[in-house]
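The structure appears below as structure tokens.
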Amino acid sequence: MLHKIAVQILAFIIAITLGIFAIGALLTAPAPTAVGTLSADFPVQSVQIPAPNESTVHGWVVYGQPGNGAVLLAHSMRSNRIEMLSRARFLKDQGYSVLLIDLQAHGETSGEKITFGLRESENIEASIAFLRNTFPTERIGAIGVSLGAAAIVLAKHNLKLNAVILESLHPTIEEAVDNRLKLHFGSYGSVLLPLMLAQLTFYLDTSTEALSPITRINNLNAPLLIISGTEDAHTTQLETERLYAAASAPKELWIVPGARHFNMHAYAGREYERHIGDFLSQYLRQNVN
């Protein structure tokens with residue numbers, strides 16, 4: 001009887017372990033999608049930006065008014081540049097030039113794995129270089145959402161940006177994974193955290209520290225606006241406040257009442273546009289001190 005129970009327990013452990021391996025593979029699996037053409041009332045120019053390892057970043061560039069600055073838009077996980085389209089329209093109306101990109105392993109940009117900002121940061125660096133070459137006299141800013149925000153912070157080289165906006169960004173990969181496990185499995189989800197982290201570091205061949213924005217956010221060296229929601233269960237308000245505390249000044253924090261882990265522009269609307277407009281105007285427009 002005891003032998004039978006032991007076999008059943010062993011079989012259960014093996015099944016759970018195999019399941020975790022499968023989940024790890026799914027978490028890092030690419031999310032390619034075809035990005036359709038836009039309507040004629042919002043003309044864009046398709047661009048292909050050379051990036052490291054013989055890859056190419058696909059995106060759209062929108063030309064604004066000279067002297068107002070240029071802004072890079074980086075989407076969230078398992079999404080693509082279309083997610084940032086409403087922001088691009090708003091920024092174009094404000095006179096900014098805009099570059100929307102597909103991060104690696106997303107949209108039309110190739111890639112074998114999603115790397116939680118590690119490899120995606122190379123796309124950010126290449127895109128910032130493109131903006132500097134295309135708009136050599138403009139100040140450059142960037143807005144990143146979740147994965148896109150992590151990619152901005154985890155860039156290995158100084159991006160030398162004039163303004164950075166980070167939305168719904170986790171401080172550590174441990175907390176990001178733990179929160180998502182709890183959302184799916186309740187309080188018992190934390191039991192699976194060590195296995196999940198082991199899978200991520202195995203599949204990505206890196207350490208958890210290398211995937212944690214809080215270890216690098218102090219290196220941004222740019223005016224910073226951090227945005228999160230009071231009801232975000234993926235990244236809590238306390239976690240956001242820790243991330244903010246670790247960043248260098250000048251910095252601002254906007255906790256959006258009632259917002260969860262979703263598109264802040266769609267949720268907050270005009271209030272979002274007012275916050276982002278005021279912040280970018282202060283640091284990007286050349287006729288504003």
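The structure displayed is predicted, hence computed values, not measured ones.
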Measuring from atom [atom1] of [X] to atom [atom2] of [Y], what distance do you get when rounded to the nearest 0.5 angstrom?
X: L200; Y: T206; atom1: CG; atom2: OG1; result: 10.5 Å
X: R78; Y: T33; atom1: CZ; atom2: OG1; result: 10.5 Å
X: H261; Y: N179; atom1: NE2; atom2: CG; result: 10.0 Å
X: L280; Y: I143; atom1: CG; atom2: CD1; result: 5.5 Å
X: L243; Y: E175; atom1: CG; atom2: CD; result: 9.5 Å

Donor-acceptor check, side chain of [X] to backbone of [Y], threshold 3.5 angstrom: yes or no?
X: T236; Y: A233; answer: no
X: N133; Y: A129; answer: yes
X: D102; Y: E108; answer: yes

> If you draw the axis of the six-membered ring of Y203, does the NZ or CZ of K113 fall within 45° of it and under 6.0 Å from the ring centre?
Replying inline: no
> Has R270 got its NZ or CZ under 6.0 Å from the middle of the six-membered ring of F90, at an angle within 45 degrees of the ring axis?
Replying inline: no
>> Using the rule given for side-chain contact (heavy atoms from CB on, under 4.5 Å), can you reason through R260 versus H234, listing the C-alpha separation, both sets of side-chain angles and the distance that settles it, and then say yes or no?
In response: CA-CA 8 Å; R260 298 180 182 178; H234 294 75; over 6 Å; no
>> Does T235 form a side-chain contact (heavy atoms from CB on, under 4.5 Å) with S168? I'd like the steps, not just the answer.
In response: CA-CA 7 Å; T235 299; S168 306; 5.7 Å; no
> How far apart are the C-alpha atoms of L220 and L161, what are their side-chain angles, what is the distance that settles it, and do they pass the side-chain contact (heavy atoms from CB on, under 4.5 Å) test?
Replying inline: CA-CA 8 Å; L220 277 176; L161 293 168; 5.7 Å; no
Between [Y] and [X], do the side chains contain a donor N or O and an acceptor N or O under 3.5 Å apart?
X: S146; Y: E167; result: no
X: E120; Y: T115; result: yes
X: H265; Y: S86; result: yes
X: H157; Y: E125; result: yes
X: R87; Y: Y272; result: yes
X: Q237; Y: T240; result: no
X: E83; Y: S76; result: yes

>> With a sphere of 6.0 Å drawn around CD of E112, does it hold more than 12 non-hydrogen atoms of other residues, nucleotides or ligands?
In response: no
> When clusters are formed by joining ILVMFWY residues with side-chain heavy atoms under 4.5 Å apart, either directly or through shared neighbours, do V145 and Y267 land in the same one?
Replying inline: yes
Quick check: do [X] and [Y] have side-chain heavy atoms less than 4.5 Å from each other?
X: H170; Y: E239; answer: no
X: L72; Y: V98; answer: no
X: E252; Y: L224; answer: no
X: L99; Y: T134; answer: no
X: S110; Y: H58; answer: no

>> Run the side-chain contact (heavy atoms from CB on, under 4.5 Å) test on V164 and L225 for me, step by step, so that the C-alpha distance in whole Å, both residues' side-chain angles and the decisive distance to 0.1 Å come before the verdict.
In response: CA-CA 6 Å; V164 176; L225 171 60; over 6 Å; no
>> Go through it in stages, so that I can follow the logic: the residues are R139 and N68, the test is side chain to side chain donor-acceptor pair (under 3.5 Å), and I'd like the CA-CA distance, side-chain angles, deciding distance and then a yes or no.
In response: CA-CA 8 Å; R139 295 173 182 169; N68 284 332; over 6 Å; no
>> Taking ring pair (Phe, Tyr, Trp, His ring centres under 6.0 Å) as the cut-off, I'd like each qualifying pair that reaches into residues 100-137, sequence neighbours left out, listed once.
In response: Y63-F135, H75-H106
